[in-house]
2 protein chains.
Amino acid sequence: MNASTPRAGIPTHDWVYRTLRRRIMGGGLAPGEAVTLRGLATELSVSMTPAREAVRRLVAERALEMTPTGRAAAPRMTRDRFEELTQARELLEPALAIRALPNADKMLSNRLKELNSQLDTHIASGDAAAYVAGNADLHATLYARANAPALMALVESIWLQTGPFMRLVYGRLGTQSLADYHAIAIAALDSGDEAALAEAIRADVRQGLNLAEDAFQQG
Amino acid sequence: MNASTPRAGIPTHDWVYRTLRRRIMGGGLAPGEAVTLRGLATELSVSMTPAREAVRRLVAERALEMTPTGRAAAPRMTRDRFEELTQARELLEPALAIRALPNADKMLSNRLKELNSQLDTHIASGDAAAYVAGNADLHATLYARANAPALMALVESIWLQTGPFMRLVYGRLGTQSLADYHAIAIAALDSGDEAALAEAIRADVRQGLNLAEDAFQQG
DNA sequence: GCAAGACAAATGTGATCACAATTGTCGCAT
DNA sequence: ATGCGACAATTGTGATCACATTTGTCTTGC
């Protein structure tokens with residue numbers, strides 16, 4: 001089954017971490033669903049020790065929740081929590097974009113346009129997981145130019161928390177067309193318009209919140 | 001030595017985590033200084049397993065750094081990193097304060113005034129560790145009224161990263177008098193002035209940055 | 001039919017151990 | 001003196017195990 005495990009050099013616990021993390025982001029764990037140490041260990045053909053380390057790390061990063069009895073489960077998203085995390089994104093991400101602006105060049109904006117067009121493909125095919133991953137990839141590519149690892153780490157920790165839920169939201173929406181704030185942001189990047197760039201990022205993040213609100217109302 | 005360890009009910013790894021975390025925040029670990037699993041384990045009279053979990057958790061929370069060879073050490077603060085973390089605080093903390101504002105009452109502001117006066121005591125006695133802890137306590141008390149646990153967790157993770165360094169900064173400064181933006185913030189809280197509250201918080205955070213800049217220039 | 005209780009399986013926690021890699025130290029040659 | 005290499009101690013990693021608690025299930029009694 002896991003014949004696709006070409007892990008060379010990297011520690012076992014790190015590999016388990018990445019594997020489990022990918023599963024969480026990809027929606028492989030339903031909210032509230034628990035993951036057992038022995039189950040994870042035997043499934044990945046490792047011992048309990050690295051499995052436990054991977055789980056604890058994801059708990060520390062809030063990608064997993066700890067039940068009172070000490071079991072790790074995929075966290076349930078609430079409207080309030082999602083709204084908080086969105087506000088944090090709305091505050092931090094424009095700052096990262098502005099920091100990236102002076103370091104942007106034509107090659108970057110071309111790369112961003114390429115990533116953005118791939119998003120259209122994922123929307124068209126209804127691949128919500130690929131869309132969420134690609135969306136994070138696009139934002140990460142831009143913010144990488146900010147050379148701000150500490151800020152970046154904060155934002156990525158938010159993505160880790162909202163990712164599984166956003167995947168669910170986009171899954172419900174199907175192939176609905178979305179306002180392309182990415183394109184606006186890239187245009188602002190090209191023209192060096194700081195305020196427009198920040199506003200486009202904010203609008204993009206806020207659009208995610210609106211989509212989620214609809215999903216919450218549906219149930 | 002560790003006779004003061006009345007841990008009842010809480011898991012060992014959690015107790016080790018809290019103990020080590022307190023040590024880091026209190027400056028018990030010099031930047032770059034490594035902590036060994038066996039050393040920590042034997043010192044706290046526990047096995048390597050909970051020691052390892054505690055260390056890994058602190059690494060995940062960026063309160064400890066991982067060297068390429070897999071050893072955990074207290075992270076070194078750079079000017080750039082501190083500037084990034086300060087900007088994050090400057091963005092997130094005013095938002096938390098504004099969220100807390102509608103839930104504030106006379107009892108809260110009295111409590112905050114009390115905590116703020118304790119800070120003066122710590123400045124006067126030159127107890128940098130107590131000052132940093134008390135400062136975090138004051139901010140936390142205000143933000144708790146925001147009922148925003150996800151945002152709060154983000155801010156606390158920043159404090160965890162900046163805490164040890166701030167303690168060092170305040171330690172150098174000695175009993176220097178600081179502008180009391182806390183008092184301004186509390187006044188804004190009492191009068192319900194949202195903009196003034198946010199600005200006072202920003203100024204408070206920025207003051208920390210300025211102090212640190214001085215420290216960086218000294219060496 | 002169903003709720004409660006007893007029993008069994010499963011689970012998290014912490015300890016111990018073997019192994020490989022790293023780190024520190026001592027001695028030797030230049 | 002000083003740089004270098006071999007050896008020993010230290011360290012992180014992963015595996016395995018025992019134990020107490022929790023969870024799931026089946027039976028029993030009403």
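All values reported here derive from a predicted model rather than from experimental measurement. Every chain is numbered from 1 and lettered A, B, ... according to where its sequence line falls, protein lines coming before strand lines.
Residues passing the side-chain hydrogen bond (donor to acceptor under 3.5 Å, both in side chains) test with R206(B) are E90(B), sequence neighbours excluded. Considering only residues two or more places apart in sequence or on other chains, E83(A) meets the side-chain hydrogen bond (donor to acceptor under 3.5 Å, both in side chains) condition with R99(B).
Applying the side chain to side chain donor-acceptor pair (under 3.5 Å) definition to pairs two or more places apart or across chains, those involving residues 23-37 of chain A are R23(A)-E43(A).
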Per-nt protein contacts along nucleotides 9-16 of chain C (heavy atom under 4.0 Å; B base, S backbone sugar-phosphate only, - none) come out as --BBBBBB
Exercise answer: donor-acceptor pairs, residues 150-166 of chain A side-chain atoms, under 3.5 Å, sequence neighbours excluded:
unit_1, atom_1, unit_2, atom_2, d
S157(A), OG, L154(A), O, 2.8
W159(A), NE1, E93(A), OE2, 3.0
Q161(A), OE1, R81(A), NH1, 3.0
Q161(A), NE2, S157(A), O, 3.3
T162(A), OG1, I158(A), O, 3.1
T162(A), OG1, W159(A), O, 3.4

Let me have the donor-acceptor pairs involving side chains of residues 131-138 of chain A, under 3.5 Å, with sequence neighbours excluded, atom names and distances please.
unit_1, atom_1, unit_2, atom_2, d
N135(A), OD1, H182(A), NE2, 3.1

